[in-house]
Amino acid sequence: MDNSEVAKRLFEMAEMLEFKGENVFKIKAYQKAARNIEELEEDINILRQRDELGTISGVGEAIEAKIKEMLDTGTFKAFEEIRHTIPQDIEEIIAVQGIGPKTAHLLYSKLGVKDLQGLLKAAEEHRIRRIPGMGVKTEEHILIAAKRQLAEGNIGRFPLGVALPIAEEISKKLLDGILIREVRIAGSIRRWKDTVGDIDLIARSDEPEKAIEVFTVMDNMQEVLEKGNTKGSIIYKGNIQVDLRIVKDDAFGSLLQHFTGSKEHNVKLRQIALSKGFHLSEYGLKNATTAEQIPFSTEHEQYERLGLQFIPPELREDWGEIEAAMEKKIPRLIEVSDIKGDLHVHSNWSDGHNSIEEMALAAKALGYQYINISDHSASSKIANGLSEKRLLDHIKEIERLNECIEGIRILSGTECDILPDGTLDYSDELLEQLDIVVVAVHGSVEQDSKTMTQRIVSALENEHVHILAHPTGRKFGKRLPFAMNMEKIMDTALEYGKVLEINSSPQRLDLNDKFAMMARERGIKLAINTDTHSLEQFGNIRYGIGTARRAWIASNDVINTLHLKDICKLLGIS
DNA sequence: GCCGTTTTCGGCCCGACTGTTTTCAGTCG
Ligand SMILES: Nc1nc2c(ncn2[C@H]2C[C@H](O)[C@@H](COP(=O)(O)OP(=O)(O)OP(=O)(O)O)O2)c(=O)[nH]1
Ligand SMILES: [Mg+2]
Ligand SMILES: [Mg+2]
Ligand SMILES: [Zn+2]
């Protein structure tokens, strides 16, 4: 079993214990262990060999024994025993909004509800309202929520590139009226997570209740889920949930911190507050003995009062940032303004929309010092990839443009396909004539892990190659990451001095945060590129920067923060 | 079930909203 399979089992165990009404702290213990195993960088099998399972935070004697049992037999006794006493599809019932483990258990014991279909039937036949403690409204809400779940399936999460523009649109609309003074995007969007579960907003208003009212009747609102004095939730066009929290007093910083999360970060901060004699909440600190409330108007002040350096939102995942902040060791993270050029740009010579000149002028307007025109190679036929002859013309055209355009250097490149057998789509003689060679896998993406890994390794061993683009090939909603051994690929990249890309296209974000962190820890250099096919897509750089910041990446980890002359020196460009 | 710069036992983050309830449990963030 691998890490995610072990974690999944532990999560399932927690869910079953919840359904059974077990001690909540025991449940939390299983969830914490599961989460930490899911986020582990090392292979849990290797930790086991080294007898280091106990070093995983949240794994004690009991869970360690169960993990060993799982690694040996694929399951564990306690899991199998409890599993047979619980309906198989309990997960889909608890997943219905408003139904938790208690209600699920009640519905099962009173009505024999075992799955979503049974739940719908019970609601439609008005059997739920007859259970003591349930009522007409509860039944109606369950019916609506169950139907919504059936219709949507389990879409679950949205790519950041979908959610962020909607969040910006809603923020703007809310500011249109006079009731709401300030709106900030919070939650996982503010942390630049690559996928998000919902849109979390906070706002400041002198009349919170009226402001919530405005929110719940806004354009494109599909359904109101909750409407209170300080908080409302709606389903917005596109079936995305939007949570809005409003305050009028001076605790805006405390609220922003709370609603930015993550949950795990919040819990740890609150534990630190407790150890200092305070209760922390979205209203600030409360003295545990005097009950005096101390609100903070900025996040900076609140972190400082807790004895911590300010922690950028992208780091707030309980991945060690709180410990670092205690020692004032939060690094200066890379910013959009550090980027000096884009090394992965397409033109209308292949599948881009604009000419090389237009792309260059747009980049210049952004303050870039250089761009690498990396059109597709011949094998990418649907992308109008360049034959060897057209690539030679491409090189000449770039030479010509460099003579007439001032203020930006156009580098002559390619996004050369790594063919299924690991060879490249252009000859070495041709690659040698280019300034920057970007390579990528496009076709034959279904290869097994061994083949795919060797394919990429072979490409990285080629002396003319500089950058591996979108290394895992994932595309949200379209394609899973390639089966591949990332450790091996990173070892090779390091050995041969190759650069790995953080592709900023919001449907890719590849490398992702975790892999980018792995690369940084190993000392591999990165390039943050947009892979733009149009003038507007240069703007996608913010997504790549957000991902890089989540990986604790600094400016000097990234080659396209270098000035033109320095990057030319680094890559041997004349 | 886990864990310990005042602890190996007794805590474990804290608050909003809803429904069905005369005082709160459940769910969610
Ligand atoms: N203290 C505390 N804060 C929480 C808890 N659950 C959520 N929050 C805070 C932190 C979250 O970032 C924020 C928004 O909640 P969400 O459920 O939307 O989570 P988040 O946006 O982080 O992730 P998401 O992508 O939406 O799943 O509310 C909790 O149990 N305790
Ligand atoms: Mg959220
Ligand atoms: Mg939310
Ligand atoms: Zn590309």
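Residue numbers start from 1 in every chain, and the chains themselves are labelled A, B, ... in the order their sequence lines are given, proteins ahead of strands.
For A:Thr138, no side-chain nitrogen or oxygen approaches OP1 or OP2 of B:dT18 to under 4.0 Å. Between A:His141 and the phosphate of B:dG19, there is a side-chain N or O to OP1/OP2 separation shorter than 4.0 Å. Contact annotation: A:Gln31 does not reach the phosphate of B:dG1 (side-chain N/O to OP1 or OP2, under 4.0 Å). Listed pair A:Tyr283 / B:dA16 meets the phosphate criterion, a side-chain N or O lying under 4.0 Å from OP1 or OP2.
Between A:Leu255 atom CG and B:dC13 atom P there is a gap of 20 Å when expressed in whole angstrom units. Between the P atom of B:dT27 and the CD1 atom of A:Ile93 lies a distance of 13 Å, rounded to the nearest Å. Computed from coordinates, the A:Gln97 CD to B:dG26 C1' distance equals 14 Å when rounded to whole Å. Atom C1' of nucleotide B:dT27 and atom CD of A:Gln241 are separated by 12 Å, given to the nearest angstrom. At whole-Å resolution of the value, NZ in A:Lys263 and C1' in B:dC13 are 9 Å apart.
Within 4.0 Å of A:Leu280, counting heavy atoms only, lie sugar-phosphate atoms of the nucleic acid but no base atom. Residue A:Leu274 is classed as a sugar-phosphate contact, given heavy-atom separations below 4.0 Å to backbone atoms only.
In this view, A:Val242 and A:Ile170, A:Ile199, A:Leu201, A:Phe215, A:Ile234, A:Tyr236 satisfy the side-chain contact (heavy atoms from CB on, under 4.5 Å) rule, not counting sequence neighbours. With sequence neighbours excluded, the residues that form a side chain to side chain donor-acceptor pair (under 3.5 Å) with A:Arg549 are A:Glu314. Every ring pair (Phe, Tyr, Trp, His ring centres under 6.0 Å) that A:Tyr543 has, sequence neighbours left out, goes to A:Trp192. Legend: residues meeting ring pair (Phe, Tyr, Trp, His ring centres under 6.0 Å) with A:Phe25, ordered by chain and number and at least two apart, are absent. Listed by chain and residue number, A:Arg181 satisfy the side-chain contact (heavy atoms from CB on, under 4.5 Å) test with A:Asp206 (two or more places apart in sequence, or in another chain).
Counting only residues at least two apart or in different chains, ring-ring contact (aromatic ring centres under 6.0 Å, His included) contacts with residues 34-61 of chain A are absent. Evaluation of the side chain to side chain donor-acceptor pair (under 3.5 Å) test over residues 270-281 of chain A, restricted to residues two or more places apart or in two chains, returns A:His258-A:Arg270. Applying the salt bridge (charged side-chain N to carboxylate O under 4.0 Å, His left out) test to pairs two or more places apart or on separate chains, those with a residue in residues 97-121 of chain A are A:Lys121-A:Glu125.
Between B:dC12 and B:dT7, the distance separating the two C1' atoms is 14 Å to the nearest Å. Distance noted for atom P between B:dG26 and B:dT22: 15 Å (whole Å). Here the separation of B:dT27 from B:dT20, taken at their C1' atoms, is 15 Å to the nearest Å. Separating the C1' atom of B:dT18 from that of B:dT23 is a span of 15 Å, rounded to the nearest Å. Taking atom P in both B:dT5 and B:dC13, the straight-line distance is 16 Å, to the nearest Å. Taking atom C1' in both B:dT6 and B:dG11, the straight-line distance is 15 Å, to the nearest Å. Rounded to whole Å, the separation between the P atoms of B:dC28 and B:dG10 comes to 33 Å.
Here B:dC3 sits opposite B:dG10 as a Watson-Crick or G-U wobble pair (both hydrogen-bonding atom distances under 3.5 Å).
Considering only side-chain atoms of A:Ser281, the nucleotide from B:dG15, B:dT27, B:dG1 that sits closest is B:dG15. Distance from the side chain of A:Thr103 is smallest to B:dT27 among B:dG15, B:dG1, B:dT27. With B:dG1, B:dG15, B:dT27 as the candidates, the nucleotide lying closest to the side chain of A:Pro101 is B:dT27. Nearest nucleotide to the side chain of A:Asp243, out of B:dA16, B:dG29, B:dG1: B:dG29.
Position along DNA chain B of the nearest nucleotide to A:Ile99 versus A:Asn23 favours A:Asn23 as the more 5'-ward residue. For A:Ala104 and A:Gln293, each mapped to the nucleotide of DNA chain B holding its nearest heavy atom, the one lying further toward the 5' end belongs to A:Gln293.
Base orientation at B:dT22 is anti, since its O4'-C1' glycosidic dihedral falls outside 90° of 0.
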What nitrogen or oxygen pairs link the protein and nucleotides 3-8 of chain B at under 3.5 Å?
residue : atom : partner : partner atom : Å
B:dC3   : OP1  : A:Gly58 : N            : 2.8

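Between A:Arg332 and A:Asp338 there is a salt bridge, since a side-chain N of the basic residue sits under 4.0 Å from a carboxylate O of the acidic one. At a threshold of 4.0 Å, the pair A:Lys231-A:Glu282 does not count as salt-bridged, since none of the basic side-chain nitrogens sits closer than that to a carboxylate oxygen.
Figure legend: A:Arg9 and A:Phe79 shown as a cation-pi pair, the cationic atom lying under 6.0 angstrom from the six-membered ring centre and within 45 degrees of its axis.
Distance CG/A:Leu164 to CD1/A:Ile189: 6.0 Å, rounded to 0.5 Å.
The shortest side-chain heavy-atom distance between A:Lys514 and A:Glu39 falls under the 4.5 Å cut-off.
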In a table with atom names and distances, give each donor-acceptor pair under 3.5 Å that connects a side chain of residues 53-62 of chain A to protein atoms at least two apart or in another chain.
residue : atom : partner : partner atom : Å
A:Thr55 : OG1  : A:Glu52 : O            : 2.6
A:Ser57 : OG   : A:Asn36 : ND2          : 3.4

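Shown for residues 220-238 of chain A: residues whose heavy atoms fall under 4.0 angstrom of DNA chain B, namely A:Glu226, A:Lys227, A:Gly228, A:Asn229, A:Thr230, A:Lys231. Of the residues in residues 106-137 of chain A, those lying under 4.0 Å from DNA chain B by heavy-atom distance are A:Gly133, A:Met134, A:Gly135, A:Val136, A:Lys137.
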